[in-house]
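Everything on this sheet refers to the single structure shown next.
Whatever order the structure lists ligands and atoms in, that order sets their numbers, starting from 1. Quick caveat: nothing in here was measured; it's all calculated off a predicted structure. The analysis underlying the following values was restricted to heavy atoms, covering all of them including side chains, and did not include hydrogens, waters or symmetry mates. Quick note: residue numbers are just sequence positions, from 1.
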Amino acid sequence: MQNQMIYLDNNATTKVAPEVVDAMTPYFSENYGNPSSLYDFGAQIRRVIEEARGQVADHLGAKSEREIVFTSGGTESNDTAIHSALESDPNRRRIVTTQVEHSSVRNLCQAIEKKGCGVAFVGVSKTGALDWEAFERAVTNDTAIVSIMWANNETGVLFPIERIASYVKSKGVLLHVDAVQAVGKIQVRLKNSPIDYLSFSAHKFHGPKGIGALFVREDAPFLPLFVGGRQERDKRAGTENVPGIVGLAKAFSLACERTLPQTSGIEHLRNHLEQTLLAGIPDSFLNGKDEPRVPNTTNITIPGVESETLLIRLSQAGICASSGSACLTGALEPSHVLMAMGHSRELAMSSIRLSLSRYTTEEEIEEALNIIPRVVSELQKFNRTETGIIS
Ligand code: PLP
């Protein structure tokens, strides 16, 4: 066990399920036709894509498979939704989003802001809950779109999407939900929901990288981000990523069959990991405490222990974990999510995220619980020695 890797970074990406690899393989080898070709070898592939689209629509409870557009992943889906809303109504030049979005939305909104569009970045509480009053004030008559995440990639905190959706719709504004960390982890049903656009990405639920989709409500305005060929019913130009589309649909089916019925097991393991770490590491605390969260994620601050050093030491001990800190222009920047939750720079750079999957075993969690407190204690001892406080 000691020399094996313990992968606790499933919010970054997941292992592709073997069944997904099997489903994809023929579309690299014998079934390599272009779906746009007229001959049967191509037309067969077109049918495979439509079957996959139908499965995805069913899993989401969409009204029609026409509401699913395959993209290259979460980032492209997010960009497409925001672009669509802004381009479809030139009189509305405002976006409402939050301070804790994934960089794909955050950086896009900052870039759009520089071009003269208004952007409201709504804040959150110390526990990561949406500042509801600020949110209500932010949604004005000239708002083109509200773009908001369902589950936070760093803390796992869930925003109240139903409440958000009914408020946004009551204001006559378009709603985009970045559900990249929600799909495959919690039930996402769009049947009676007024959500206009919803993004997701296969590599977060045991599918391949480089494939995702955007749900676009039938009557929501749409303008393609990629213009060119007539693929995806003119919604996304470019030859389709056939193995990716097959893999996404298979991974989504497996998530519905296996992960969703198993969430209490994953949550149980996560809670055991979290509670044991919090109890054993002095002064440590949970980010997102008392908020609804996805079942697989925990984010813990360990004051006085730099996450970068901790992650390197954990990696040497065989554990893959991460922090929200990002390496920008050569220097480690604190997590914008934890900063928005009111952490100081030091605390925001002393946090780790551990994220589980349906493949995480009890043995792995027990082994992680042997390793993490020991590594933390060594680092704390070293820090006390360095700062002259020798215990
Ligand atoms: N949105 C969220 C919340 C994410 O966590 C991620 C990836 O980590 C993305 C969007 C981007 O997805 P992709 O990697 O498929 O572009």
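Taking the six-membered ring where the residue is Trp, the centroids of His343 and Phe285 are separated by under 6.0 Å.
No part of Glu101 comes within 4.0 Å of ligand 1, judged by heavy-atom distances. Contact annotation: for Asp178 versus ligand 1, heavy atoms closer than 4.0 Å belong to the side chain alone. When heavy-atom distances to ligand 1 are checked against a 4.0 Å cut-off, Met149 comes that close only through its side chain, counted from C-beta outward. At a heavy-atom cutoff of 4.0 Å, ligand 1 is contacted by the side chain of Asn78 but not by its backbone.
Considering both main-chain and side-chain atoms, Asn11 never comes within under 3.5 Å of ligand 1 through any nitrogen or oxygen pair.
Within the 4.0 Å heavy-atom cutoff, Lys209 does not count among the residues contacting ligand 1. At a 4.0 Å cut-off, not a single heavy atom of Gly212 sits close enough to ligand 1 to count as contact.
For the pair Arg137 and Asp131, the salt-bridge criterion is not met [side-chain N within less than 4.0 Å of a carboxylate O]. Between Lys171 and Glu136, no side-chain nitrogen of the basic residue sits less than 4.0 Å from a carboxylate oxygen of the acidic one, so the salt-bridge criterion is not met. Ion pairing between a basic and an acidic side chain is recognised when a charged N comes within 4.0 Å of a carboxylate O; Lys250 and Asp22 show no such pairing. Using a 4.0 Å cut-off between charged nitrogen and carboxylate oxygen, Arg53 and Glu50 count as a salt-bridge pair. Salt bridge status for Lys381 with Glu378: absent, with no side-chain N to carboxylate O gap under 4.0 Å.
In this structure, the protein non-hydrogen atom closest to atom 4 (C) of ligand 1 is His102 CD2, 3.3 Å. With respect to atom 15 (O) of ligand 1, the closest heavy atom belonging to the protein is Ser201 OG, 2.6 Å. What sits closest to atom 14 (O) of ligand 1 on the protein, heavy atoms only, is His203 NE2, 3.0 Å. Regarding atom 5 (O) of ligand 1, its nearest protein heavy-atom neighbour is Gln181 NE2, 2.8 Å. Protein heavy atom at the shortest distance from atom 8 (O) of ligand 1 is Lys204 NZ, 2.6 Å. Scanning all protein heavy atoms for the shortest distance to atom 13 (P) of ligand 1 gives Gly74 N, 3.5 Å. Nearest non-hydrogen protein atom to atom 16 (O) of ligand 1 is Thr75 OG1, 2.6 Å.
Closest approach of Leu86 to Ala144, counting heavy atoms only: CD2-CB, 3.8 Å.
Between Tyr32 and Phe41, the two ring planes are perpendicular [angle over 60°; tilted spans 30° to 60°].
Looking at Thr97, Asn78, Asp196, Thr80 one by one, the single match for side chain to side chain donor-acceptor pair (under 3.5 Å) with His176 turns out to be Asn78. Screening Thr297, Thr155, Asp9, Asn299 for a side chain to side chain donor-acceptor pair (under 3.5 Å) with Arg353, the sole residue that qualifies is Asp9.
Under a 4.0 Å criterion applied to the non-hydrogen atoms of Asn153, ligand 1 contributes the atoms 3 (C), 5 (O). Near Gly73, meaning under 4.0 Å from one of its heavy atoms, ligand 1 places the atoms 15 (O).
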